[in-house]
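Worksheet for the structure shown next.
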Amino acid sequence: MRILEKDYWKKIPQWKNVSRWEWEDWRWQIRNRLKNIDEIGKVLGKDLSKLKKVEQVFRTGTTPYYISLANDFSDLENPILKQILPSCEEIDPFIQSEGNFDPFKEEILSPVNGLTHRYPDRVLLRTTNFCSVYCRHCMRKRIFLEEERARRYEDYINMFKYIKENKQIKEVIISGGDPLTLPNRKIEFILENLQKIDHVESIRIGTRELVVNPYRFFDEGLLEILERNDKVWIVSHFNHPDEVTDVVKRAVKNILSAGIPVLNQTVLLRGINDDPETMEKLFRSLIQVKIKPYYLFYCDPTKGVLHFRTPIDKGIEIIEYLRGRVSGIAIPTYAVDLPGGLGKVPLEPDYIVEKTDQYIIFKNYEGKTVRFNRCKFDIIDTKKSEDLCL
Ligand SMILES: *Cc1c(COP(=O)(O)O)cnc(C)c1O
Ligand code: SF4
């Protein structure tokens, strides 16, 4: 886990007079976010005007907190800056030619506005298209092209109605944009409505605020709402160990105190985290702050994101490196989301060398092989065993 210096933001000239009270207020972070290339360039002390062409296509933005995590403002290849600074590759027609704005047909698999129903027992709600940080690798990058706004109440009402009428729905995933950028009263409205539908057993909130604006979870009002709604889980999105700070640890502690478990989804990103050592450090740090790594995703084929892709095998290689070296609770499931809305498929290193009706030969994490006889229970006559007891 990374320990930030006391008043760490004061060494950045723009924020040297910002008090702790202001900086640690999530609303201050959103109000004072950097909304374009010029504002980011000013903080970095760099002329970034050549990137304006990209910004005209895909929106740009970051919280002051998130950009302040970059160790070195002069190195634009820094893993923090790479996630927020647009690059010309995003609009390169050759690189992006195979991309699609909605590779998972979220809008088509949508029986009501903003609700995607792909698996029988789960639905996904897109509640807003606003984010306090616009991640360059976002799988839903099409929202960067739209006006920033939350959904209308009428849309929410229709979503609740659909969920109420479809009793096979056991879980609701609240997504965005970033749902936790919404004001508390809207979050309360959504959660209370879902909480009271009996067949909804769990509610999952997918958010990046824990990474880019952890002060969101210093807000007593939000914590009380989470505490009252006891079906909630939070799934965050950390991609690099530099993001896992002591502020995050305090935020997670608040969330856990409200009775909410915290999981994480990481995206495998070229030039940011596509090496085993970085991933090991990331997953170890997450365990330290009590976040359970849930998924490691292969980067989706979204238009504007294809330059972040690695070979698929890279992820398998990383999991193979971690297995045996790192605590099992720190290892996520590596998965690829199939285009066309066909769902997620887990990918595992192959630990089976040979398989027959009698035995399986396994390979362990060090490459040692062992022959393991198959269980023969299907040919045991249980009646005979009973006789033995008489
Ligand atoms: C990812 C996703 C889910 C959740 O999948 P899990 O494997 O349960 O995490 C549900 N619905 C949609 C549309 C998704 O994209
Ligand atoms: S916070 Fe999530 S939805 Fe928003 S830009 Fe980042 S990845 Fe996309």
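As the structure lists them, so they are numbered: ligands from 1, and atoms in each ligand from 1.
Side-chain contact of Q168 with H199: a donor-acceptor pair under 3.5 Å is absent, judged by distance alone. Side chains of R2 and S285: no donor on one and acceptor on the other come within 3.5 Å. With hydrogens and angles left out, the side-chain atoms of E243 and Y66 include a donor and acceptor closer than 3.5 Å.
K344 contributes atom NZ, which lies 10.0 Å from atom CG of L338 (distance to the nearest 0.5 angstrom).
Annotation: cation-pi geometry satisfied between R371 and Y359 (NZ/CZ under 6.0 angstrom from ring centroid, within 45° of ring axis). In this structure, K46 forms no cation-pi arrangement with F73, as its terminal cationic atom is not both closer than 6.0 Å to the ring centre and no more than 45° off the ring axis.
Closer than 4.0 angstrom to ligand 2 by heavy atom are C131, V133, Y134, C135, C138, F144, G177, R208, H237, sorted by chain and number.
Under the ring pair (Phe, Tyr, Trp, His ring centres under 6.0 Å) criterion, F297 pairs with Y295, not counting sequence neighbours. For E224, there are no side chain to side chain donor-acceptor pair (under 3.5 Å) partners two or more places apart in sequence or in a different chain.
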Distance dump, ligand 1 polar atoms to protein, N/O, under 3.5 Å:
from, atom 1, to, atom 2, distance (Å)
ligand 1, 7 (O), Y295, OH, 2.7
ligand 1, 8 (O), R122, NH1, 2.6
ligand 1, 8 (O), R204, NH2, 2.9
ligand 1, 9 (O), R204, NH1, 2.8
ligand 1, 9 (O), R204, NH2, 3.3
ligand 1, 9 (O), Y294, OH, 2.6
ligand 1, 15 (O), R118, NH1, 3.4
ligand 1, 15 (O), K344, NZ, 3.2

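Using a cutoff of 4.0 Å between basic side-chain nitrogens and carboxylate oxygens, E107 and R126 are scored as salt-bridged.
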